[in-house]
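Shown next, in structure tokens, is the structure this report addresses.
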Amino acid sequence: MSEERYPFAEVEARWRTRWDEDDAYHVDLDAEHDDRRYVLVMFSYPSSSRLHIGHWWNYGPTDTHARYLRMNGALVFEPMGFDSFGLPAENYAIKVDSHPKQVTEQSIEFIRGQLKQIGAMYDWRWEVVTSRPNYYKWTQWLFLKLYEHGLAVQKEGLVNWSPTLQTVLANEQVVNGVDERTGNPVVQRKMTQWYFRITEYTEQLLAELKQIDWPEGTIKRQENWIGRSEGTSIRFPVEGHEHVSIEVFTTRPDTLFGVTYLVLAPENDLVERLTVRARTREVEEYVQQALSATEMERTAAERKKTGVFTGAYATNPLNGERLPIWVADYVLGSYGTGSVMAVPAHDQRDFEFARRFELPIKIVIQPVGYVNDVEDLTEAYVEPGIMVDSGDFSGLRSEVGAKAVTDRLPGMDAGGPAVTYRLRDWSVSRQRYWGCPIPMIHCEKCGVVPVPEEDLPVLLPDEIRDFRPKGTSPLGAMENWINTTCPNCGGPAKRDADTMDTFVDSSFYHLRYLAADRDDVPFDRRRMKKWLPIHLYVGGPEHSTGHLIYIRFITRFLHDIGWCPVAEPAKKMIHQGIITKDGMRMSKSKGNVVNPDKFIDRYGSDVFRMYLMFTGDYRLGGDWSDEGITGIDRFINRVWRLIVHFPGDTRPAGKLDARNYPEVVYRTLHNTVKEVGDDLAELSFNTAISRMMELVNELYKWLGEDGDSDADAGAVRELLAVLVRVMAPFAPHFCEEAWARLGGEPFVFQQPWPDYDPAALVRETITFVIQVNGKLRDRIEAPADASDEQLEALALDSERIAGHIVGKKRVKTIVVPGKLVNLVVK
RNA sequence: GCCGGGGUGGCGGAACAGGUAGACGCGGCGGACUCAAAAUCCGCUGGGCAUUGCGCCCGUGGGGGUUCGAAUCCCCCCCUCGGUACCA
């Protein structure tokens, strides 16, 4: 057989040009079609100007899936765009002393070219770029809609401030007290900010999680993030303040008689009001210190509890006990009511605090079977038990008592059942330049006034001299931009100087793609009806609690106001795993980052993308090996040699004649078509590739190295034409060339997926396994339709079996049709 | 701590619904081709014992269990990766 090697460089370049020239991936979103599939993979963030291996791992396999759907007759929409606002572009611009807009546009140009190398079916007419006015006009429009519906509000409150980035961050962007992107510490700061009231949607976001086909882990993470907690709200009147009471939230109302003090979070406004004069200075100092400390510092100190006494007292509504009111930073200002009732005997945190500050500990829940004693207590008893020392509730089991206590409260005007969520409102103001301007105007006379819709977009000014972060938005320093007139009264006014969190940009891009050609409307309702929800959404699991909550929220909001036909963006979602090197995560610091270009130059992009798919289960991730890629390279070249050895000038036939092929070849071919199809439908790329390799191995056995003269060239060509079609989604450039050489008309991805003949998979004789007591002892050939009795007789006939059953009593025989016979003996 | 994923040859990884563990590939060994090498093709390749025959024993992180039969189901434990963490 020829030893010519597949000339990937020339072939790939040629077909890419051809696809472009023929506009081969043109998608008509308005076309009538009964099987539409919106395959969406998260768009890219052009922070660096090169595609890294993660992009290939993300985009190549999804395109393979999309191509498979297309060959199966679906009209597939597979768009691509750029999430191009944000800090990385700004930081990069600072580094190279350029302008964010310029570096962003350059990166997009470059990356688009690289994306084309992947060979995906992107129709670039639908591209969206979030940093361009024709996109962010609609980001601003969305803001106005939210404002109109009372879901965009300005609040003063404590926010996560990053001193390094000089901007506010959303809760979702802060992990363990540090910025999740850069690892920089974050402090609390009081600021006025715009918030989107996502908390209005908690119940809906939670309920719908049960209806969607998303990875279980992601659903769990969202549930935890929203953090619905059922419990009881209890009000404790404060001594000497007739109209003031401290409201707490608790999930353990059964421990109410064990409360020995109350705690306010340092952020709580009541601290200032309630603190007695003699203790003012101490409390103020504590509060200040607690708030200025980063969360890192707060948690670093071995979790030792700190706090101060306010000098004030409250009253337990149930038993009238006098309770000292403390301030401590182990109580979070942003959860529940920002204050708790402390039950040291039954809550570990309260226990530690009480021990440290020598506050009383009172046991009100006893376990069943033994009795706890305060003196001997080394930790809080947090399990349920039997209520003791709890007035007329004593003797009740925790679960019963909790309900009884909660039921008693409303009558005393002291509280009742309550639900609390962990999810907070989404803070969207950012004090940075490279983002979408907030379309709001601040007028001295009229207050906050929205920019009229017809004035959108509020353009982000290009001519900025200094966009560097300085703690306040750089836009605020631009006199000619910040100063404007009030749309309401015409008087002098100022624009909002902040820009929006980039998660706002990506919260509706899936809808904007469908109207990317229209500047007159944000979305195209007709197309949305046809294409939504997204058939398959693919992206990293790291977006579980950020982007994926926001995109659900915004989709739902747009649904509620009649702009979107569906309430949930994606019916099905999967996460790609991570690609590792030697089992380790790739990172610059480890110096183990694989550079795709090196391998694409050497093997071509088809081999590269195919090898990535071969390394492992797409959802679990794979491990990159510099040597392993040669396996795919060999495979491609093995197919290539078959192609060049059996070129054709006629269109390959549709149906194959079984008589032209050895039985095993014919069967393997049909099996390959079936298995590859099944695997592609469920994104099992690695096993699909194995199946194709098996077929090629069979072909080489049949045809031999030099090509068997007995084999009919036309028949081989027909078979290869089937192989090329099932291979096309994996190696689009290669298969385009192979298809052409076999006499096929372009393009191969416009061909229908081949049929397989189920009858070809049926074997007349099967190798049955014979087991004795479940252990493999022999194999026999028998007709596929042999009866149980026949199989048992054959098994007993076997010489090898004889030795294992001689002198033993046969207990029973188990026959698994088509597979095995198991003789059970004693 | 809690939630989720994962632990299978020298390596990456297969195994549908409990039914031949290790498909496919890398690497390794042997052979063919070659003056030679590369490339290519073919064969072998979990461990141990036996290799005078076929064969026999062990083996899917560890320990128990259910079953005729367990990588797969149940219980306990270990390791690892990811998420989250004073949430009252």
Side-chain angles (χ1 to χ4, degrees), chain A residues 1-3 5 175-177 215-221 223-225 227 229 231 248-252 255 263 295 298-299 303 305 328-332 334-343 347-350 352-353 420-422 541-542 544-545 575 577-578 580 582-585 611 614-617 619-632 634-635 637-638 641 675 678 684 686-694 697 700-701 704-706 767-779 799-800 803 811-816 818-825:
Chain A
M1 214 172 274
S2 165
E3 288 182 16
R5 283 191 64 78
V175 171
N176 272 331
E216 195 192 309
T218 303
I219 289 177
K220 275 267 160 59
R221 255 174 267 170
E223 278 172 359
N224 291 342
W225 194 261
S229 177
V248 304
F249 174 79
T250 179
T251 54
R252 292 295 300 276
T255 64
V263 193
E295 298 244 355
R298 253 163 97 161
T299 48
R303 291 186 162 195
K305 299 275 180 292
D329 68 3
Y330 79 92
V331 173
L332 305 176
S334 50
Y335 182 78
T337 60
S339 43
V340 303
M341 61 179 214
V343 188
D347 181 284
Q348 188 57 28
R349 296 154 297 184
D350 299 339
E352 286 164 21
F353 191 82
T420 292
Y421 301 88
R422 205 187 89 117
E542 69 275 16
S544 298
T545 52
H575 303 303
I578 41 171
T580 55
D582 304 320
M584 288 183 300
R585 219 181 178 131
Y611 178 59
F614 186 63
T615 57
D617 186 308
R619 285 161 236 243
L620 298 179
D623 194 62
W624 175 269
S625 147
D626 290 2
E627 292 77 41
I629 193 172
T630 58
I632 297 293
R634 279 179 201 154
F635 170 70
N637 274 287
R638 270 159 85 81
R641 285 196 300 275
E675 295 289 327
D678 292 351
S684 297
N686 54 339
T687 49
I689 294 169
S690 298
R691 293 288 95 81
M692 294 189 289
M693 287 172 166
E694 279 170 353
N697 289 346
Y700 268 76
K701 274 188 207 154
E705 195 188 343
D706 302 318
T767 307
F768 283 85
V769 161
I770 305 184
Q771 301 180 333
V772 176
N773 289 344
K775 284 193 181 207
L776 177 100
R777 295 303 181 191
D778 197 8
R779 293 165 214 264
E799 281 175 39
R800 291 182 190 161
V811 181
K812 65 172 159 177
T813 304
I814 288 152
V815 176
V816 180
K819 290 217 162 125
L820 60 80
V821 180
N822 186 13
L823 304 169
V824 185
V825 298

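Throughout, a chain's letter reflects where its sequence line sits, starting with A, and its residues are numbered from 1.
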Reading RNA chain B from 5' onward, which residue's closest nucleotide shows up sooner: A/Asn773 or A/Thr767? A/Thr767
Which sits closer to the 5' end of RNA chain B, A/Leu820 or A/Met341, going by the nucleotide each is nearest to? A/Leu820
Within the 4.0 Å heavy-atom criterion, would you say [X] contacts the bases, only the backbone, or no part of the nucleic acid?
X        : answer
A/Arg422 : base
A/Asn637 : nothing
A/Arg619 : nothing

Which base, if any, makes a Watson-Crick or G-U wobble pair with [N], both distances under 3.5 Å?
N     : answer
B/C26 : B/G10
B/C33 : none
B/C16 : none
B/A39 : none
B/U84 : B/G1
B/U60 : none
B/U51 : none

Respond yes when some side-chain nitrogen or oxygen of [X] is under 4.0 Å from OP1 or OP2 of [N], and no when none is.
X        : N     : value
A/Arg641 : B/C41 : yes
A/Arg777 : B/C68 : no
A/Lys220 : B/G4  : yes
A/Tyr700 : B/C42 : no

Mind checking the [atom1] distance from [N] to [M]? Whole angstroms is fine.
N     : M     : atom1 : result
B/A17 : B/G69 : C1'   : 15 Å
B/G4  : B/G55 : C1'   : 46 Å
B/C11 : B/A85 : C1'   : 37 Å
B/G1  : B/C76 : P     : 15 Å
B/G9  : B/U72 : P     : 15 Å
B/C16 : B/A23 : C1'   : 13 Å
B/A88 : B/C78 : P     : 26 Å

Atom [atom1] of [X] to atom [atom2] of [N]: distance rounded to whole Å?
X        : N     : atom1 : atom2 : value
A/Phe249 : B/C87 : CZ    : C1'   : 9 Å
A/Lys775 : B/U67 : NZ    : P     : 18 Å
A/Ile814 : B/A70 : CD1   : P     : 12 Å
A/Ile578 : B/G12 : CD1   : P     : 15 Å
A/Asp623 : B/G7  : CG    : C1'   : 15 Å
A/Asp778 : B/G55 : CG    : P     : 8 Å

Over all atoms of both residues, closest heavy-atom pair of A/Phe249 and A/Ser229: CZ-O, 3.5 Å
Which residues pass the side chain to side chain contact (heavy atoms under 4.5 Å, CB included) test with A/Thr250, sequence neighbours left out? A/Thr232, A/Ile234, A/Arg252, A/Pro253, A/Met341
So if I take every side-chain heavy atom of A/Arg585 and compare against B/G83, B/G82, B/G4, which nucleotide ends up nearest? B/G82
Between B/G19, B/A88, B/C57, which nucleotide has the shortest distance from any of its atoms to the side chain of A/Leu332? B/A88
Decide yes or no for [X] and [Y]: does some side-chain heavy atom of the first lie under 4.5 Å from some side-chain heavy atom of the second?
X        : Y        : value
A/Arg638 : A/Asn697 : yes
A/Ser544 : A/His575 : yes
A/Val824 : A/Thr813 : no
A/Pro541 : A/Arg221 : yes

Please produce a list of atom pairs where a protein N or O lies less than 3.5 Å from an N or O of nucleotides 21-27 of chain B.
unit_1: B/A23; atom_1: O2'; unit_2: A/Glu694; atom_2: OE2; d: 2.5
unit_1: B/A23; atom_1: N1; unit_2: A/Ser690; atom_2: OG; d: 3.4
unit_1: B/G25; atom_1: OP1; unit_2: A/Asn697; atom_2: ND2; d: 3.2
unit_1: B/C26; atom_1: OP1; unit_2: A/Arg634; atom_2: NH1; d: 2.6
unit_1: B/G27; atom_1: OP2; unit_2: A/Arg634; atom_2: NH1; d: 3.3

Could you measure the distance from the CD atom of A/Gln771 to the CG atom of A/Leu820? Nearest 0.5 Å is fine. 5.0 Å
When rounded to the nearest 0.5 angstrom, what is the spacing between CZ in A/Phe614 and CD1 in A/Ile632? 5.0 Å
Could A/Lys305 and A/Tyr330 be counted as a cation-pi pair, given that NZ or CZ must be under 6.0 Å from the ring centre and within 45° of the axis? yes
Under-4.0 Å salt bridge between A/Arg691 and A/Glu694: yes
